[in-house]
Protein chains: 2
Amino acid sequence: MQTTTEDLRLVALAEFTAAGYSATSLQRIAELADVSKSSVLYHFSSKEDLLQAAVTPAVDRLAEILELLAGDFFTPERRTAFLAEFIDFLLIYRREVNIFINQGPSLFDVPVIERATILVRQLAEFFHSSTSTLEDRMRFAIALGGAAYMLCSQDSLGFPTPVDETRAALLSVLTELLAPVATLPSPVQE
Amino acid sequence: MQTTTEDLRLVALAEFTAAGYSATSLQRIAELADVSKSSVLYHFSSKEDLLQAAVTPAVDRLAEILELLAGDFFTPERRTAFLAEFIDFLLIYRREVNIFINQGPSLFDVPVIERATILVRQLAEFFHSSTSTLEDRMRFAIALGGAAYMLCSQDSLGFPTPVDETRAALLSVLTELLAPVATLPSPVQE
DNA sequence: TCAGAATCTGACCGATCGGTCAGGTTAGGC
DNA sequence: GCCTAACCTGACCGATCGGTCAGATTCTGA
């Protein structure tokens, strides 16, 4: 079990989330992991490489989830399944999502962030082409963005709630919010 | 008309929003405003002072809006009025809100950010004490957080839409989302 | 006209940044 | 025992950071 590399990854993930990427120095990461700054640069070739390692698993998972959108998303079963997957994704990777949401625009030149941006843009375009009214588009944006924001900021602002209850209530509210969206027969038309 | 000070404020606001506070150097602000770095520090005593000046108007406005919550928020008229005020606030000050949302936790030691954090916490506590179920609380969080996220990220992700349409659709969706929230007779009890 | 305030600048400061490098230490395979 | 590779470190580098300061320039009111 290689602990040091993974320790550094987790420490960096936490600090990048809490303090921001550019505000986090390699020196601080080294101190939190109780190694020298040189050791950090032994395990990761650069600070950007550390960011890459920290968020890549989350981006990989997001890419998997987006493939669920292929096919008949607009049956109620598929819609609920997607929402459940997305909520679980947010719950598991909320620190990585936090980094992307809060600092993504300023980290556009980092490959993995750029990849995540493309995925999110695909998601936005899918909903854009699948809906007919501005209200429907807004329902999607508020549902997904609101859920992401809520989970990301719950550490600093929210009131502690058991994960199971959070997931159930979130699924309920989002399903209800998206219920009025018109069911297009064939959303896959360019 | 003192243009330089206000120019610097606007340039700093835009850069702090786009690239992040700690990733924005005084040198860059100076170049964008076409003055020297020393001039920046003549008009603003420090980088933190510049951040302070950039976001203070938005925080002042937020404090005003929160006073609307005193009294009978849960009549439909008051609720709609609050939502309209809040949406307009987001539309006008979305760059400042972006800074607070995205970088607030890492800027907790800046007085004006701390003040904004207290205001947002007041808002959260009001909704927390005014609602009886987790679902209702989540409706508020998703509504306000989702709206804020949508407007903040529309520059980088969204599809351009006229402001009037955005406001109308947003008000419609949020009103609908909050409709199921139980109307408590007296939410002002500690 | 001219004194003084307001504005602006380049030179400079110590601190910290990300990153390099040579060398020390440790742990296994032969 | 010993060689090799993995692991770790302190010393050091150039660049950039936020900030200071003395002085040049411009503006303004008496």
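All values below were derived from every heavy atom in this structure, side-chain atoms included, with hydrogens, water molecules and symmetry-related copies excluded. Letters A, B, ... are given to chains in the order of the sequence lines, protein chains preceding strands, and every chain is numbered from 1.
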Return a table of donor-acceptor pairs under 3.5 angstrom between the side chains of residues 108-116 of chain A and protein atoms on other chains or two or more places apart.
residue: Arg115(A); atom: NH1; partner: Asp60(A); partner atom: OD1; Å: 3.2
residue: Arg115(A); atom: NH2; partner: Asp60(A); partner atom: OD1; Å: 2.8

Using a cut-off of strictly less than 4.0 Å, decide whether Ser25(B) has a side-chain nitrogen or oxygen near OP1 or OP2 of dC17(D).
yes
Can you give me the N/O atom pairs linking the protein to nucleotides 21-28 of chain C at distances under 3.5 Å, or say none if there are none?
none

Establish, from distance only, whether the side-chain atoms of Glu48(B) and Gln52(B) form a donor-acceptor pair under 3.5 Å.
no
Within the 4.0 Å heavy-atom criterion, would you say [X] contacts the bases, only the backbone, or no part of the nucleic acid?
X: Ser22(B); result: nothing
X: Ser39(B); result: base
X: Leu41(A); result: base

Please name the residue in the list Thr5(B), Asp49(B), Asp7(B) that meets the side chain to side chain donor-acceptor pair (under 3.5 Å) test with His43(B).
Thr5(B)
Would you confirm whether [X], through its side chain, and [Y], through its main-chain N or O, come within 3.5 Å as a donor-acceptor pair?
X: Thr175(A); Y: Leu171(A); answer: yes
X: Gln103(B); Y: Phe16(B); answer: yes
X: Thr17(A); Y: Leu13(A); answer: yes
X: Arg167(A); Y: Ile87(A); answer: no

Nucleotide of [options] approaching [X] most closely (side-chain heavy atoms):
X: Thr4(A); options: dT9(C), dC8(D), dG18(C); answer: dC8(D)
X: Tyr42(B); options: dC8(C), dT20(D), dC8(D); answer: dC8(C)
X: Val35(A); options: dT9(D), dC17(C), dT9(C); answer: dT9(D)
X: Ser36(B); options: dC17(C), dC8(C), dG18(D); answer: dC8(C)
X: His43(A); options: dG19(D), dG18(C), dC8(D); answer: dC8(D)

From [atom1] of [X] over to [atom2] of [N], roughly how many Å is that when rounded to an integer?
X: Gln27(A); N: dA11(D); atom1: CD; atom2: P; result: 13 Å
X: Leu26(B); N: dC8(C); atom1: CG; atom2: P; result: 16 Å
X: Ile29(A); N: dG19(C); atom1: CD1; atom2: C1'; result: 14 Å
X: Glu6(A); N: dC7(D); atom1: CD; atom2: C1'; result: 17 Å
X: Leu50(A); N: dC17(C); atom1: CG; atom2: P; result: 15 Å
X: Asp34(B); N: dT7(C); atom1: CG; atom2: P; result: 18 Å
X: Asp49(B); N: dT20(D); atom1: CG; atom2: C1'; result: 16 Å
X: Lys47(B); N: dT16(C); atom1: NZ; atom2: C1'; result: 13 Å

With the criterion being N/O to N/O and under 3.5 Å, what pairs connect the protein with nucleotides 25-28 of chain D, and how long is each?
none

From the list Leu66(A), Leu62(A), Ile118(A), Ile65(A), side chain to side chain contact (heavy atoms under 4.5 Å, CB included) with Leu123(A) holds only for Leu66(A)
Co-membership, hydrophobic cluster, residues Leu10(B) and Ile29(B), 4.5 Å side-chain
no
Would you find more than 12 non-hydrogen atoms of other residues, nucleotides or ligands less than 6.0 Å from Arg61(B) atom CZ?
yes
Let's test your reading of the model: under 3.5 Å, does the base of dG10(D) pair with the side chain of Lys37(A) as donor and acceptor?
no
